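Written out below as C-alpha cells is the structure these notes cover.
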Amino acid sequence: MDPLAAVRTSTAWVVDQAKHVTINDAAINAAAKHLSAQSVPSVVWNSDDMHYSDGGPLTVQYLFLLDALNFCFWPDSEFDYVHLAKGLKASLEKDKACLDADKLAACDGLMLRKLVQWKTELPGEEERARLVREVGTGLLSSFEGQAANLVRAANNSAAQLVTLVTAHFPGFRDHCVYRGRQVFLYKRAQIFVGDVWGAFEGRGLGSFNDIEALTMFADYLVPVVLREWKILDYDQVLATRVKEKEEIEPGSAEEVEIRAATILAVERLRESVAKQIKQEVLSLQIDWWLWQYGEDNRSRLEPHHRTRTIYY
Ligand SMILES: Nc1nc2c(c(CN[C@H]3C=C[C@H](O)[C@@H]3O)cn2[C@@H]2O[C@H](COP(=O)(O)O)[C@@H](O)[C@H]2O)c(=O)[nH]1
C-alpha cells in the first residue's frame, strides 16, 4: 500500500460523507491569492532556531524523538511544541549521548521530564515515556540504534519512510475507522519526513525524490487558521463545542471530519497557489506557513478543538 495515496483517498472519502465540517472552495481561492503574495516556497524550517540541527545523524535522532512526542500539548496551558524542541536541544547540547537508543529504551516519566527539561509533570507523561521506550527498542532491534539508518533504509522515498516508520513503531500508526472504512492521517510519521527534509534542506539524509507526495500534517492548530479564513466551516453544534473547549472524542465523526477536511483543504489550497504563482509548491510548505501564522496569531484566534490523543 502507498501510505500517502491512502491518506489522500481515505480523507477525500470522509469529506464526501462529512456531516459536521465543510470546505468552502471560494474561500480557498481568496486565501490562495493572499498566500501567493507571501512567497510560501521560501518558508524556512527552523523558525527562530528552536531546533537541534548539526547536519549529521544526531539531528535525525533528535527529530525522530521530537516527532514521537509531537502531540497533545494543550492539557498543560504552558507546555507546548517549542518547549519540547528547545528542551531536547538543550539536553543534546549538554550531552550528545542523551538520545542513545539504549537510554531511550529505558526511559520512564521522570527521566523524560528531565530530558525535555520541564519543571512539572508532562501532559500524558507515562504514555509519552512508553512511546520513547518504543522508539528506543525499535531502533535497537531493527536500525542499530540509529534513526539515520531508518531514513537510509527508505532509499530517498518519503512514502517508503512513512511505511517503515508505521511498520516498526506502532505509536505512529495514526489511522481510524469512519463509517466502517479505515482512514489514514499519519500526521507524526509524515511530519518526521518533512522535518528531516527541512533540517537537511532537501539534501543528503534529507533528499526525497517524492517529497511532493506528503500531505499537510493534520494537527489541531492549522484547522483554526482555515476556519478564520472561512475555508473550513463547522456546523453549529460542533462550533459551540469547540468554542466552549469541550473535549472531542478521538475517532469520533467530528474529529475525523475536522482532520480529513484540513488535509483536503490544504491540498486544494496548494493547487490554487501553484496555479497563481506558476510554480510548484509543496503541501508541507503551505502547512508550515499556516502553522507559523497560527502560532504568531494564537492570542486572537478561536480556540482549537481538544482531542486527547497520541497522534497530533
Ligand atoms: N501542521 C503542523 N503541525 C505542527 C507543526 C509543528 C512544528 N513544526 C516545525 C516545522 C517547521 C517549524 O520550524 C516548526 O518547528 C508542530 N505542530 C503541531 O501543532 C499543534 C500545536 O502545537 P502547540 O502550538 O505547541 O500546542 C500540535 O498538534 C503539534 O503537533 C507543523 O509544522 N505543522
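Fair warning: this is a prediction, and the values are worked out from it, not measured in the lab. Atoms within each ligand, like the ligands themselves, are counted from 1 in listed order.
- Between Glu280 and Glu212 the shortest side-chain heavy-atom distance does not fall below 4.5 Å.
- Ser53 and Asn46 share no donor-acceptor pair across their side chains, judged by distance under 3.5 Å alone.
- In terms of protein heavy-atom proximity, atom 9 (C) of ligand 1 is closest to Tyr81 OH, 3.7 Å.
- In terms of polar-atom proximity, defined here as any N/O pair under 3.5 Å, Gln292 makes no such contact with ligand 1.
- Annotation for Leu282 and Arg270: closest pair C-CD, 3.6 Å, computed over non-hydrogen atoms.
- Note: no N/O pair closer than 3.5 Å links Tyr312 and ligand 1 by distance alone.
- If you check the side chains of Trp118 and Thr120, you find a donor sitting under 3.5 Å from an acceptor.
- For atom 10 (C) of ligand 1, the closest heavy atom belonging to the protein is Trp288 NE1, 3.4 Å.
- In terms of polar-atom proximity, defined here as any N/O pair under 3.5 Å, Phe217 does make such a contact with ligand 1.
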List the steps, then state whether salt bridge (charged side-chain N to carboxylate O under 4.0 Å, His left out) holds for Asp25 with Arg268. CA-CA 8 Å; Asp25 284 303; Arg268 291 182 184 168; 3.2 Å; yes
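- The shortest contact between atom 11 (C) of ligand 1 and any protein heavy atom is with Trp45 O, 3.2 Å.
- Interface of Asp80 with ligand 1, defined as ligand atoms under 4.0 Å from a residue heavy atom, comprises 25 (O).
- With Trp291 as reference, Tyr81 is the one residue of Phe217, Tyr81, Trp45 to meet the ring-ring contact (aromatic ring centres under 6.0 Å, His included) rule.
- Contacts between Asp195 and ligand 1 below 4.0 angstrom, taking non-hydrogen atoms only, involve the side chain exclusively.
- The aromatic rings of Phe184 and His175 sit tilted, their planes meeting at an angle between 30° and 60°.
- Nearest protein heavy-atom neighbour of atom 20 (C) of ligand 1: Asp219 OD2, 3.5 Å.
- Residue-ligand proximity: Arg298 is placed with a non-hydrogen atom under 4.0 Å from ligand 1.
- Against a heavy-atom cut-off of under 4.0 Å, Val222 is close to the following atoms of ligand 1: 1 (N).
- Under a 3.5 Å cut-off, the side chain of Glu228 and the backbone N or O of Glu302 do not form any donor-acceptor pair.
- Counting protein heavy atoms only, atom 27 (C) of ligand 1 is closest to Tyr220 CE2, 3.6 Å.
- A heavy-atom distance below 4.5 Å is found between the side chains of Phe172 and Phe64.
- Nearest protein heavy-atom neighbour of atom 19 (O) of ligand 1: Trp291 NE1, 2.9 Å.
- In terms of polar-atom proximity, Trp74 is not counted as a contact of ligand 1, lacking any N or O under 3.5 Å from an N or O of the ligand.
- In this structure, Tyr220 and His304 have tilted ring planes: the angle between them lies in the 30° to 60° band.
- Using a non-hydrogen distance threshold of 4.0 Å, Ile191 registers as a contact of ligand 1.
- At a 4.0 Å cut-off, not a single heavy atom of His83 sits close enough to ligand 1 to count as contact.
- Of all protein heavy atoms, the one lying nearest to atom 15 (O) of ligand 1 is His51 NE2, 2.8 Å.
- A side-chain donor-acceptor contact under 3.5 Å links Ser91 and Gln117.
- When Asn70, Asp76, Asp287 are checked for heavy-atom proximity to atom 1 (N) of ligand 1, Asp287 turns out nearest.
- Each of the following atoms of ligand 1 lies closer than 4.0 Å to a heavy atom of Met50: 15 (O).
- Residues Ser207 and Asn156 approach most closely at O-ND2, 2.7 Å, considering heavy atoms.
- Counting heavy atoms closer than 4.0 Å to ligand 1, residue His304 contributes nothing at all.
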